[in-house]
**Q** 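Below: one structure in structure tokens.
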Amino acid sequence: MRMAPGVLREALVDVDAIAENVRHLRRLTGAEIIAVVKADGYGHGAHRAAVAALRGGAARIGVSDIDEALALRRQGVRAPLFAWLHAPGASFAEAVHHDVELGISDLDQLLRAGAAAEGDRPAAVHLKLETGLSRNGIAPADWAQVFSEAARMQRIGRVRVVGLFSHLSNTSLDDDRAALARFEEGVVLAAANGLNPPLRHIAATHAAIALPEARLGCVRIGIGLYGVSPFDDRSAADLGLRPAMTLRGSVAAVRRVPAGTGVSYGYDYRTEVDTTLALIPLGYADGVPRHASGRGPVSINGRRFTVAGRIAMDQFVVDVGDHPVAVGDEAVLFGDPTLGVPSARDWADAADTIDYEIVTRVGARVPRREGGS
Ligand SMILES: *Cc1c(COP(=O)(O)O)cnc(C)c1O
């Protein structure tokens with residue numbers, strides 16, 4: 001395949017795949033979907049991911065921080081929006097003003113949310129319970145105090161408690177079941193304090209699929225939206241999900257070289273025979289992990305090659321042997337492996353990381369374009 005003239009590199013984002021992944025996960029879980037589009041939609045573009053997820057039937061959008069939520073509001077997203085990781089001392093007033101729901105991890109945040117209520121508009125909050133991940137979340141010792149204060153503030157119209165939530169460690173199903181049991185204790189204690197919020201949510205993609213009892217009628221789906229599997233031993237296709245991102249570049253130079261030619265910085269790779277080298281214009285500035293030097297896969301004209309030598313900031317080289325490759329041919333780093341190209345998982349394996357990181361770190365220099373591969 002040929003790339004369009006003038007295109008050096010791009011990430012194709014298949015928004016229909018995102019919508020379809022949401023539909024599939026709704027059917028599979030029977031739960032309401034909070035579509036997580038933090039970190040610029042895991043690199044796919046937060047706004048387009050949110051719009052596609054809502055089209056696929058997501059009920060609510062989740063992001064990490066308030067700035068991400070406000071950006072989506074500015075871009076016209078009207079759906080319920082939820083943000084859970086706050087700067088120390090962050091002002092919640094703007095969030096409340098723009099109808100952004102707040103994850104609350106301690107009494108101080110709850111009080112500040114209440115103080116940010118506007119006229120007859122209470123601050124909408126989801127109380128986050130620490131159940132074993134050891135990140136943020138209300139400590140079990142503080143649950144009773146925070147619940148009773150939240151109930152009091154709800155009675156006087158300062159807050160509206162929309163949900164109780166927590167987050168799992170994915171250590172093992174048994175560890176996740178233990179966290180779920182702690183969460184259920186919190187739900188009971190909240191009810192005893194007069195809090196019966198409409199939503200309870202603890203499962204991200206992994207538990208939403210693997211632990212049905214964790215669905216609780218509402219799940220937070222991040223990586224699954226993008227058609228990437230959170231399981232070590234099950235591919236996206238195994239889960240009925242379709243990868244939404246294809247990262248590709250246009251072969252920028254082709255050179256015939258003799259045996260013994262050193263390739264890229266440090267000559268970590270030397271050609272063994274007369275061969276052809278192709279230059280791919282993506283580098284670590286574009287999120288191609290340098291750690292995958294000598295290992296990452298690339299598909300050109302239906303054939304798979306491996307990065308030769310070091311990945312540089314803007315480019316890397318592949319040794320294509322005697323296969324016909326021309327300037328302007330499409331080089332796919334990853335996409336939907338059912339179409340014969342490498343997957344984000346292949347790159348994750350080559351870089352000793354997880355595919356979450358591969359898609360999320362695609363650099364700002366890479367233009368995103370909506371379209372199927
Ligand atoms: C990122 C995140 C999610 C989504 O997790 P996935 O594994 O990508 O589905 C859900 N909940 C919280 C609190 C998160 O930080």
Side-chain angles (χ1 to χ4, degrees), residues 17-18 21-22 24-26 28-29 31-44 46 49-50 52-53 56 58-69 72 80-86 100-105 109 125-138 162-171 173 175-176 179-180 183 186 199-211 214-232 234-236 239-241 243-245 344-345 348 353-361:
I18 295 175
N21 291 333
V22 172
H24 174 69
L25 289 166
R26 275 184 77 201
L28 180 79
T29 63
E32 185 172 312
I33 305 282
I34 299 177
V36 179
V37 304
K38 62 190 181 188
D40 200 27
Y42 290 43
H44 296 66
R60 185 176 249 95
I61 300 296
V63 288
S64 175
D65 54 68
I66 293 171
D67 287 345
E68 294 178 307
L72 288 169
L81 249 174
F82 161 51
W84 56 73
L85 185 59
H86 313 302
V100 172
E101 301 167 352
L102 298 165
I104 295 296
S105 281
Q109 289 185 352
V125 299
H126 300 237
L127 303 179
K128 183 170 190 189
L129 310 188
E130 160 59 15
T131 57
L133 188 57
S134 307
R135 301 199 320 198
N136 63 2
I138 305 160
V162 179
L164 296 173
F165 78 113
S166 189
H167 194 46
L168 297 168
S169 73
N170 297 354
T171 304
L173 288 179
D175 284 287
D176 285 351
L180 178 61
F183 183 70
L199 297 182
R200 290 168 297 140
H201 45 102
I202 192 168
T205 305
H206 185 280
I209 293 170
L211 197 63
R215 290 173 188 159
L216 308 179
C218 181
V219 295
R220 297 186 308 271
I221 302 294
I223 202 71
L225 295 181
Y226 310 103
V228 173
S229 168
F231 295 89
D232 291 338
R234 291 159 84 184
S235 69
L239 303 175
L241 300 172
M245 187 190 286
R345 175 66 54 87
T353 184
I354 55 173
D355 26 20
Y356 285 67
E357 189 178 357
I358 298 296
V359 295
T360 302
R361 292 185 71 164

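Counting convention: from 1, in listed order, for ligands and their atoms alike. Computed from a predicted structure; not experimentally measured. The residues of the chain are indexed from 1 along the displayed sequence.
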**Q** Using a 4.0 Å cut-off to any heavy atom of I223, which atoms of ligand 1 qualify?
**A** 6 (P), 8 (O), 9 (O)

**Q** Report the nearest protein non-hydrogen atom to atom 11 (N) of ligand 1: residue, atom name, distance rounded to 0.1 Å.
**A** R220 NE, 2.8 Å

**Q** How long is the gap from CD1 on I61 to CG on L72, to the nearest 0.5 Å?
**A** 7.5 Å

**Q** Below 4.5 Å, heavy atoms only, C-beta onward: do D176 and S169 meet side chain to side chain?
**A** yes

**Q** Among all protein non-hydrogen atoms, which one is nearest to atom 4 (C) of ligand 1, and what is the separation to 0.1 Å?
**A** Y42 OH, 3.3 Å

**Q** Report the nearest protein non-hydrogen atom to atom 5 (O) of ligand 1: residue, atom name, distance rounded to 0.1 Å.
**A** A204 CB, 3.4 Å

**Q** Do you know which of I138, N136, L164 makes side-chain contact (heavy atoms from CB on, under 4.5 Å) with K128?
**A** N136

**Q** Nearest protein heavy-atom contact for atom 12 (C) of ligand 1: which residue, which atom, what distance?
**A** H167 CE1, 3.4 Å

**Q** With sequence neighbours excluded, tell me which residues meet ring-ring contact (aromatic ring centres under 6.0 Å, His included) with F183.
**A** none

**Q** What atoms of ligand 1 come closer than 4.0 angstrom to any heavy atom of G222?
**A** 4 (C), 6 (P), 8 (O), 9 (O)

**Q** Could you go through E32 and R60, starting from their C-alpha distance and side-chain angles, then the distance that decides it, and tell me whether this counts as salt bridge (charged side-chain N to carboxylate O under 4.0 Å, His left out)?
**A** CA-CA 8 Å; E32 185 172 312; R60 185 176 249 95; 3.7 Å; yes

**Q** Taking side-chain contact (heavy atoms from CB on, under 4.5 Å) as the criterion, tell me which of I223, N21, L225 meets it with L241.
**A** N21

**Q** Any idea which protein heavy atom is nearest atom 9 (O) of ligand 1, and the distance to it?
**A** T205 OG1, 2.5 Å

**Q** Give me the residue, atom name and distance of the protein heavy atom closest to atom 7 (O) of ligand 1.
**A** Y356 OH, 2.6 Å

**Q** Output the distance between atom CD1 (I354) and atom OG1 (T360), rounded to the nearest 0.5 Å.
**A** 8.0 Å

**Q** Looking only at protein heavy atoms, identify the closest one to atom 3 (C) of ligand 1 and say how far it is in Å.
**A** K38 NZ, 3.8 Å

